[in-house]
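Beneath this line is the structure, given in structure tokens, with notes to follow.
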Amino acid sequence: MTPHLHRLHPALARTLPHLSLGTSPTPVRRLDALDAVDSGRAEIWLKDDSVFGDGGWGGNKVRKLEWLLPDALRLRRTTIVTVGGLGTNWGLATALYGREYGLKTVLALLDQPEDEHVRAQLARLRASGAELHFTHTKARTIASAPYLLARNFSRFRPPYYLPPGGSSPVGSLGYVEAALELAEQVRAGELPEPGHIVIPVGSGGTAAGLSLGLRLAGLKTRVVGVVVNDTLRLDEPTLTTLAGRCAELLRSRGAAIPENISPTGNLDIVTEYLGPGYGYPMPEAATAQALSADREHMTLEPVYTAKAMAALLDMNAHGRFGDGPVVYLNTNGPR
């Protein structure tokens, strides 16, 4: 299927390659059972990106890879070098989908609290074919970067380096595209125009792309980014810069985007649902995870998506979404 970005800006079909790795649009539905237990005013809706991805993993990382993998291939790179925690969804998706296109993945892995979820994910990483380097800390990862990059040159070509979560200007295009998709669903009457959309923020690319994309789509929806990672700088100025770089990328490749558009004037960052830190459990998240499973048959995980759902339920109970509706974007994609 031709992506919305290529349909809106035909020049991008020649300058910004895309690989279809999932089936779109992802479904939307009202979360009636959660509405029944939540005392907030706003109707709660779901956009279920957990089903996106036709390979061995799904979720928001695959939307980013639809733009990142063809960019690596365009540059004739053979290896991707990237970073994540021990339970990285990003690293696993990159390894699995990259392998399908002949790209080797090298992962630098930082320590995070180990629980059943992380141990299962680490087992998947070991089976994925990725080359794993346990660098443990942020400082050691930075110190190891020159070595990992140097040893993965191929025929004088450097590896394709990607920041955590694939949150580069190219990777952020995945959620510019998702925002355009959501706008089409609103126009088709599948859901009302949301007042807010709630997402976890682990590396920033989803929030930056979604905020920019909603502006380009003409929706007034505000993005509520729930910060779940305290190892990266994820404040509003940082994400505004990333969204701006994404907009400039689109312009440089031929998209007619107005210069005066504010890429993240619709972004709210909240930090009070992080708990003790990245990967650490939080009772409110455990409750939200259990409610989502029991009431809506929706699978969340404790590091990202359960904390974002906990934030949505608490904020709605305190009237912070007004009359709504509010959309929960489920970015978790186990297979």
Side-chain angles (χ1 to χ4, degrees), residues 4-5 25-26 28 31 40 42-50 52 59-61 63-64 165-169 171-186 191-229 232-247 250 257 261-274 304-305 307-316 318 320-332:
H4 291 84
L5 275 168
T26 56
V28 292
L31 297 179
E43 291 181 0
I44 304 173
W45 286 72
L46 169 71
K47 183 162 175 62
D48 194 6
D49 269 17
S50 72
F52 191 84
N60 65 328
K61 312 307 183 188
R63 284 199 187 262
K64 297 177 181 182
S167 291
S168 67
S172 298
L173 293 173
Y175 273 86
V176 175
E177 177 70 18
L180 298 174
E181 176 183 302
L182 178 66
E184 187 172 86
Q185 291 175 300
V186 170
L191 78 163
E193 180 174 348
H196 297 80
I197 183 166
V198 176
I199 59 169
V201 178
S203 60
T206 299
L210 195 59
S211 299
L212 174 60
L214 289 168
R215 282 298 177 96
L216 297 179
L219 295 185
K220 297 179 181 178
T221 309
R222 297 193 65 80
V223 177
V224 178
V226 181
V227 174
V228 298
N229 187 355
L232 298 172
R233 184 175 175 180
L234 295 169
D235 55 14
E236 188 173 336
T238 301
L239 300 189
T240 296
T241 297
L242 178 57
R245 291 172 62 203
C246 186
L250 288 169
I257 296 175
I261 194 166
S262 174
T264 54
N266 55 353
L267 176 63
D268 300 315
I269 296 296
V270 296
T271 58
E272 58 263 43
Y273 303 95
L274 174 66
Y304 299 90
T305 49
K307 289 184 178 181
M309 178 58 82
L312 184 153
L313 295 175
D314 182 59
M315 293 174 73
N316 199 28
H318 287 87
R320 290 173 66 177
F321 301 126
D323 294 328
V326 57
V327 169
Y328 176 77
L329 180 69
N330 186 11
T331 58
N332 187 37

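Quick caveat, the model's predicted, so the values are computed rather than measured.
Using modelled atom types, one side-chain atom of Ser167 and one backbone atom of Gly205 make a donor-acceptor pair closer than 3.5 Å. Although no hydrogens or angles enter the test, the distance criterion places a donor-acceptor pair under 3.5 Å between the side chain of Lys47 and the main chain of Thr26. Judged by distance alone, with hydrogens and angles left aside, the side-chain atoms of Asn316 form a donor-acceptor pair with the main-chain N or O of Ala42 at under 3.5 Å. Proximity of a side-chain donor or acceptor of Glu193 to a complementary backbone N or O of Lys220 within less than 3.5 Å is detected. Checking side-chain atoms of Asn266 against main-chain N and O of Ser211 turns up a donor-acceptor pair under 3.5 Å. With hydrogens and angles disregarded, no donor-acceptor distance shorter than 3.5 Å links the side chain of Tyr175 to the backbone of Arg63. Formation of a donor-acceptor pair under 3.5 Å by the Lys307 side chain with backbone atoms of Val226 is not found in this model.
Counting heavy atoms from C-beta outward, Val176 and Cys246 have side chains that approach closer than 4.5 Å. In this structure, Val270 and Arg320 have side chains that are in contact, with non-hydrogen atoms separated by less than 4.5 Å. Put simply, the side chain of Leu5 reaches to within 4.5 Å of the side chain of Leu180, judged on heavy atoms. Counting heavy atoms from C-beta on, the side chains of Leu214 and Ile197 come closer than 4.5 Å. Side-chain atoms of Leu191 and Val186, non-hydrogen and from C-beta on, do get closer than 4.5 Å to each other. Between Thr331 and Thr305, some side-chain heavy-atom pair lies under the 4.5 Å cut-off.
Rounded to the nearest 0.5 angstrom, Asn332 CG and Met309 CE are separated by 11.5 Å. Atom-to-atom distance recorded for Asp49:CG and Tyr328:OH is 11.0 Å, nearest 0.5 angstrom. Taking CG of Leu313 as the reference point, atom CG of Leu31 lies at 9.5 Å (rounded to 0.5 Å). Residue Ile199 holds its CD1 atom at 8.5 Å from CG of Asn60, rounded to the nearest 0.5 Å. With values rounded to the nearest 0.5 angstrom, Ile257 atom CD1 is found 4.0 Å from Leu250 atom CG. Here the straight-line distance linking atom CG of Asn229 with atom OH of Tyr304 works out to 6.0 Å at 0.5 Å rounding.
Nearest heavy atom pair, residue Tyr273 against residue Asp314, reads OH-OD2, 2.7 Å. Here the closest heavy-atom approach between residue Pro25 and residue Gln185 is recorded as CB-NE2, 3.6 Å. Nearest heavy atom pair, residue Lys64 against residue Ser203, reads NZ-OG, 3.8 Å. Minimum heavy-atom separation, Ala179 to Ala217: O-CB, 4.3 Å. In this structure, His4 and Glu177 approach most closely via the heavy-atom pair N-OE2, 2.6 Å. Considering all non-hydrogen atoms of both residues, Ala207 and Leu267 come closest at CB-CD1, 4.5 Å.
Atom CZ of Arg222 has more than 12 heavy atoms from other residues, nucleotides or ligands within 6.0 Å.
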